[in-house]
Amino acid sequence: MRGDEEEDGARMRDSVDDFLDQWAALRSDLDLEAMGAVGRLMRLTRLVDKEVGRYFAEHGMERWEFDVLATLRRSDRPLTPKELAANVMVSSAALTNRIDRLAARGLVVREAVPGDRRSLYVTLTDAGRTLVDSTVEGHVRNERRMLAELGAADCEELNRLLRTLVNTLEKDG
């Protein structure tokens, strides 16, 4: 057991502890705290993706569909494909395909930018707005369910720590 676990015997183990123990047995010279944190972040990403994907599948949509529709809804105005791509963090080619698929479902429309025949706006249709509005409340409840083991103060602290990491890594990369 690592020292911090000896101090807190009530600490629960997780799947990451197993590989940390293996490394510690082989390489006692390594400081494994960062490996543990990053390993847990990666494991959580997979678990959260799975849970979020399951929720959206139950509502007949994929995660990326919600992402595009929610970005348009949050913006509360039409967006150019370039603005939309910056917010959903996909390439313009991938976004074009996604807009095509959403337009085929009647959830978005493309409209010419007044005075600029080369530019387009992407706009939510009434059906798109209804879908995102009806889905977002359950999505937030699902996210809260995933964090139910954490109290309000723990969630605030988790957000503070994660915000620090996001800001640091975004500056670096």
Side-chain angles (χ1 to χ4, degrees), residues 11-17 34 36-111 113 119-173:
R11 181 174 294 190
M12 293 174 30
R13 290 182 55 82
D14 63 20
S15 59
V16 175
D17 286 315
V38 172
R40 286 182 178 93
L41 287 171
M42 293 172 68
R43 177 84 174 125
L44 277 171
T45 297
R46 287 190 300 274
L47 293 168
V48 168
D49 271 352
K50 183 178 177 181
E51 289 296 314
V52 170
R54 182 179 300 142
Y55 171 79
F56 288 125
E58 289 171 1
H59 291 83
M61 63 187 335
E62 295 185 43
R63 198 168 27 263
W64 69 262
E65 291 173 305
F66 180 79
D67 192 24
V68 172
L69 296 174
T71 298
L72 288 165
R73 183 68 173 116
R74 285 190 319 267
S75 299
D76 202 29
R77 66 177 178 84
L79 296 176
T80 65
K82 184 177 181 176
E83 292 171 319
L84 194 51
N87 281 286
V88 296
M89 296 180 283
V90 298
S91 69
S92 59
L95 183 63
T96 298
N97 181 308
R98 291 175 181 191
I99 293 169
D100 288 345
R101 291 172 65 184
L102 291 169
R105 288 186 57 193
L107 301 173
V108 300
V109 292
R110 289 181 178 95
E111 300 172 326
V113 173
S119 298
L120 296 171
Y121 280 132
V122 180
T123 305
L124 279 176
T125 64
D126 289 341
R129 174 173 280 132
T130 299
L131 180 60
V132 74
D133 283 348
S134 68
T135 308
V136 70
E137 290 174 19
H139 175 50
V140 170
R141 280 192 306 274
N142 187 44
E143 290 175 326
R144 185 69 209 132
R145 178 193 59 79
M146 287 186 271
L147 299 178
E149 290 294 317
L150 302 178
D154 287 339
C155 278
E156 287 178 28
E157 180 66 3
L158 179 61
N159 269 308
R160 187 189 68 74
L161 294 168
L162 293 173
R163 185 178 298 109
T164 299
L165 286 174
V166 167
N167 284 332
T168 299
L169 293 175
E170 283 182 344
K171 270 190 267 179
D172 291 348

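Here the structure is a predicted model, which is why all the values come from computation and not from measurement. This chain uses plain numbering: 1 for the first residue, then up along the sequence.
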In Å and rounded to the nearest 0.5 Å, what is the [atom1] to [atom2] distance from [X] to [Y]?
{"X": "Met12", "Y": "Asp17", "atom1": "CE", "atom2": "CG", "result": "10.0 Å"}
{"X": "Leu84", "Y": "Leu79", "atom1": "CG", "atom2": "CG", "result": "5.5 Å"}
{"X": "Thr80", "Y": "Tyr121", "atom1": "OG1", "atom2": "OH", "result": "7.5 Å"}
{"X": "Arg46", "Y": "Asp49", "atom1": "CZ", "atom2": "CG", "result": "10.0 Å"}

Does [X] have any side chain to side chain donor-acceptor pair (under 3.5 Å) partners at least two apart in sequence or in another chain, and if so, which?
{"X": "Asn87", "result": "none"}
{"X": "Asp133", "result": "Arg73"}
{"X": "Ser75", "result": "none"}

- What is the minimum heavy-atom distance between Arg43 and Ser15, and which atoms define it? NE-OG, 3.5 Å

- Message: Looking at every heavy atom in both Val122 and Pro81, which two are closest together, and how far apart are they?
- Response: CG2-CG, 4.2 Å

- Pairing residues for Tyr55 by the ring pair (Phe, Tyr, Trp, His ring centres under 6.0 Å) criterion, not counting sequence neighbours: His59

- Message: Going by side chain to side chain contact (heavy atoms under 4.5 Å, CB included), name the residues that satisfy it together with Ala127, two or more places apart in sequence or in a different chain.
- Response: Leu107, Thr125

- Task: List in chain and number order the residues that pass side chain to side chain contact (heavy atoms under 4.5 Å, CB included) with Ala94, two or more places apart in sequence or in another chain; answer none if no residue qualifies.
- Result: Val90, Ser91

Donor-acceptor pairs under 3.5 angstrom involving side-chain atoms of residues 95-104: please list them, not counting sequence neighbours.
unit_1 : atom_1 : unit_2 : atom_2 : d
Thr96  : OG1    : Ser92  : O      : 2.9
Asp100 : OD1    : Arg110 : NH1    : 3.2
Asp100 : OD1    : Arg110 : NH2    : 2.4

Would you tabulate the side-chain donor-acceptor contacts of residues 166-173 under 3.5 Å, counting partners in other chains and residues two or more places apart, or write 'none'?
unit_1 : atom_1 : unit_2 : atom_2 : d
Asn167 : ND2    : Arg163 : O      : 3.3
Thr168 : OG1    : Thr164 : O      : 2.9

- Query: Is the count of non-hydrogen atoms from other residues, nucleotides or ligands lying under 6.0 Å from Asn159 atom CG greater than 12?
  - Reply: yes

- Note on the structure: Applied to residues 78-88, the salt bridge (Lys or Arg N to Asp or Glu O under 4.0 Å) test, sequence neighbours excluded, yields Arg77-Glu83

- Sequence neighbours excluded - salt bridge (Lys or Arg N to Asp or Glu O under 4.0 Å) pairs with any residue from residues 135-145: Glu51-Arg145

- Where the side chain of Thr135 meets the backbone of Val132, is there a donor-acceptor pair that is under 3.5 Å apart? no

Considering only distance and modelled atom types, tabulate donor-acceptor pairs under 3.5 Å from the side chains of residues 149-158, sequence neighbours left out.
unit_1 : atom_1 : unit_2 : atom_2 : d
Glu157 : OE1    : Arg160 : NE     : 3.1
Glu157 : OE2    : Arg160 : NH2    : 2.8

- Report yes if the side chains of Leu47 and Met146 come closer than 4.5 Å at any heavy-atom pair, otherwise no. no

- CA sep, side-chain torsions, deciding dist, call: Leu69, Met61, side-chain contact (heavy atoms from CB on, under 4.5 Å): CA-CA 11 Å; Leu69 296 174; Met61 63 187 335; 3.8 Å; yes

- Note on the structure: Here the ring pair (Phe, Tyr, Trp, His ring centres under 6.0 Å) pairs for residues 131-157, sequence neighbours left out, are Phe56-His139, Phe66-His139

